[in-house]
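Since the structure comes first, as structure tokens, the remarks are kept for the end.
Chain identifiers are assigned alphabetically (A, B, ...) following the order of the sequence lines, protein sequences preceding nucleic acid strands; residue numbering begins at 1 within each chain.
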There are 2 protein chains.
Amino acid sequence: MSQTKKDNTEDKILEAAKTVFIKKGMDGSRMQEIADEAGINKALLHYYFRTKQKLFEAIFSRVFKQIFPDLTTFIRSELPIEKKLETFIEKYITLLMKNPFLPAFILKEIHRDPTFLAAVIKKNGINPTEVFAMLNNEMEAGRIRKMDPRELLMNILALSIFPVAARPLVQIMLFDNNKKEYTDFLERRKQTVKEFIFNSILIK
Amino acid sequence: MSQTKKDNTEDKILEAAKTVFIKKGMDGSRMQEIADEAGINKALLHYYFRTKQKLFEAIFSRVFKQIFPDLTTFIRSELPIEKKLETFIEKYITLLMKNPFLPAFILKEIHRDPTFLAAVIKKNGINPTEVFAMLNNEMEAGRIRKMDPRELLMNILALSIFPVAARPLVQIMLFDNNKKEYTDFLERRKQTVKEFIFNSILIK
DNA sequence: GAAAAGTTTAACCGAATGGTTAAATTCGAA
DNA sequence: TTCGAATTTAACCATTCGGTTAAACTTTTC
């Protein structure tokens, strides 16, 4: 089938668009640049995705969707809460270290068009019910301090995401712009964030 | 002097540019829109700030500069650490709640042009030495657990900034897009963040 | 081998945008 | 009142950019 060729090109476009959009955002990206990155020409780019808007929406959906399931699967496991948290934090920090532009991209775009964001969430059926159920469970069982699970989730996300998201700034201000030192710092954080969380929620 | 008129217009421009740039970023902003927002015309806008780039740099510097000093003055006070932290967190969350686009703006732009960021930091002599000195003091005195002060500062910032920065997303996902409920949640967080931090660092 | 789909080339269009210019007008200061 | 700076008006320019088109070519499929 022509499918092999077609699919291949479509993938190349999606890959390229993802790279460019995440790095430069919707406004800062150029269709020509995406075509170049994909190794094709502008005409063909428009042949596959009629408009920039459509292409962007495709990318945003994919990126957004991709971030969540990867990180929620382990929640269903039968591991103790300590292990679950450890895995979650480690995976999240690793993911963001590999995709340094991702947080700024998401943050910018959710402010630019919250309506579209809402649509994406609804369409993909993304919701954190499972996580809450799990946390509530632990509280009921008396293994962790009782609190609003939204607070706890927020804290975990904040502590994991912020240091990677704000890297360019923090690296300059607190690490003399030393890249290696900051990378090491983030590696260590996979541990310290966990400890920090436990210090605050564990019942001793 | 004509200064009154001149200064007034310049201020109007800076105010307008700040509003537009913070909301839409460098790429998404239009000189015409800034002129409109300032209640003047495009010719006059260019008469004051020759290029968009120059105007943007002026704004970025100001915004960046403005965020820090406001929040570090109280560190010099003789209040106990509990009170200092409380004030800091409360002020920071309040500031961001009033300027919801600020974190995304800063985050986007520090990734877009880290070089310029470094220049701004250096030029304005912004550095967190004082904060570290204070934290180290508390550790030496045995009032808080010993740890890398950069970790602690990072945690405070993360817990304060993230929930406000990611508001559009979190409000939809965890609060059914109920604005009032989320505002209340953030108000409560001024307390809970403090408690969360203390639970993890205080020596009991 | 012919039809169809994929791809390139290259030119083009129209709108938006940053920036300029010149002339006229307003206005504050001396 | 006069001079110079501030401001407006309005047209204009060059460039960029998203998007289109048509013709030619290549590749795949049947």
Side-chain angles (χ1 to χ4, degrees), chain A residues 1-63 101 105 108-109 112-113 115-116, chain B residues 1-63 105 108-109 112-113 116:
Chain A
M1 268 304 272
S2 61
Q3 288 303 69
T4 61
K5 199 172 190 178
K6 187 178 179 181
D7 284 357
N8 195 12
T9 304
E10 195 164 328
D11 285 353
K12 266 173 18 187
I13 292 177
L14 287 168
E15 252 325 290
K18 191 172 150 190
T19 306
V20 176
F21 275 138
I22 288 182
K23 189 164 181 185
K24 310 204 169 177
M26 168 67 166
D27 294 325
S29 298
R30 303 286 159 245
M31 290 300 269
Q32 184 60 59
E33 192 181 352
I34 294 172
D36 291 346
E37 177 81 24
I40 60 167
N41 52 18
K42 210 177 53 164
L44 191 60
L45 180 58
H46 282 282
Y47 175 81
Y48 276 86
F49 296 85
R50 251 168 303 166
T51 67
K52 186 184 183 183
Q53 182 64 25
K54 281 185 198 302
L55 180 56
F56 178 80
E57 289 178 5
I59 297 298
F60 187 86
S61 275
R62 284 174 148 250
V63 169
F101 295 105
F105 168 73
K108 179 80 204 181
E109 301 303 335
R112 203 177 61 89
D113 191 351
T115 314
F116 177 59
Chain B
M1 267 307 274
S2 62
Q3 287 302 70
T4 62
K5 201 171 188 177
K6 187 177 179 182
D7 284 356
N8 195 13
T9 303
E10 196 164 329
D11 284 352
K12 266 173 18 188
I13 293 177
L14 288 169
E15 250 328 290
K18 192 173 150 189
T19 306
V20 176
F21 274 138
I22 287 182
K23 188 165 182 183
K24 311 206 168 175
M26 167 68 167
D27 294 325
S29 298
R30 303 288 158 244
M31 290 300 268
Q32 185 61 59
E33 193 181 351
I34 294 172
D36 290 346
E37 177 82 23
I40 59 168
N41 52 16
K42 210 177 53 165
L44 192 60
L45 180 57
H46 282 283
Y47 175 80
Y48 276 87
F49 295 87
R50 249 167 305 166
T51 69
K52 187 183 183 183
Q53 182 65 24
K54 281 185 197 302
L55 179 56
F56 178 80
E57 289 178 5
I59 297 299
F60 187 86
S61 274
R62 283 173 150 252
V63 169
F105 168 73
K108 179 80 205 182
E109 300 304 333
R112 204 177 60 91
D113 191 352
F116 177 59

Integer-rounded Å distance: [N] [atom2] and [X] [atom1]:
X     : N      : atom1 : atom2 : value
B:M26 : C:dG18 : CE    : C1'   : 10 Å
B:D36 : D:dT9  : CG    : P     : 12 Å
B:E10 : D:dT7  : CD    : P     : 10 Å
B:L45 : D:dA6  : CG    : P     : 15 Å
B:I34 : C:dG19 : CD1   : P     : 10 Å
B:L44 : D:dT8  : CG    : C1'   : 8 Å
B:N41 : C:dT26 : CG    : C1'   : 13 Å
B:R50 : C:dG18 : CZ    : P     : 18 Å

With respect to the side chain of [X], which nucleotide from [options] is positioned closest?
X     : options              : value
B:Y47 : D:dA6, C:dG6, C:dT8  : D:dA6
B:Y48 : C:dT9, D:dG18, D:dT7 : D:dT7
B:H46 : D:dT7, D:dT9, C:dG19 : C:dG19
A:K52 : D:dG18, C:dT8, C:dT7 : D:dG18

N/O donor-acceptor pair, side chain A:K42 with base D:dG19, under 3.5 angstrom: yes
field: Presence of B:T9 side-chain N/O under 4.0 Å of D:dT7 phosphate oxygens OP1/OP2
entry: yes
- request: Check B:E37, B:E33, B:E109 against B:K24 for a salt bridge (charged side-chain N to carboxylate O under 4.0 Å, His left out) and give me the one that passes.
  value: B:E33
field: First encountered from the 5' end of DNA chain D, between A:R30 and A:A43
entry: A:R30
field: Heavy-atom donor-acceptor pair, B:K52 side chain to B:S29 backbone, under 3.5 Å
entry: yes
message: Both conditions, 6.0 Å and 45 degrees, for the charged tip of A:R112 above the ring of A:F60: are they met here?
response: no
task: List the atom of A:F21, the atom of A:L55, and the distance in Å for their closest heavy-atom pair.
output: CE1-CG, 3.9 Å
field: Heavy-atom closest contact (A:D27 atom, B:G28 atom, distance)
entry: OD2-CA, 3.4 Å
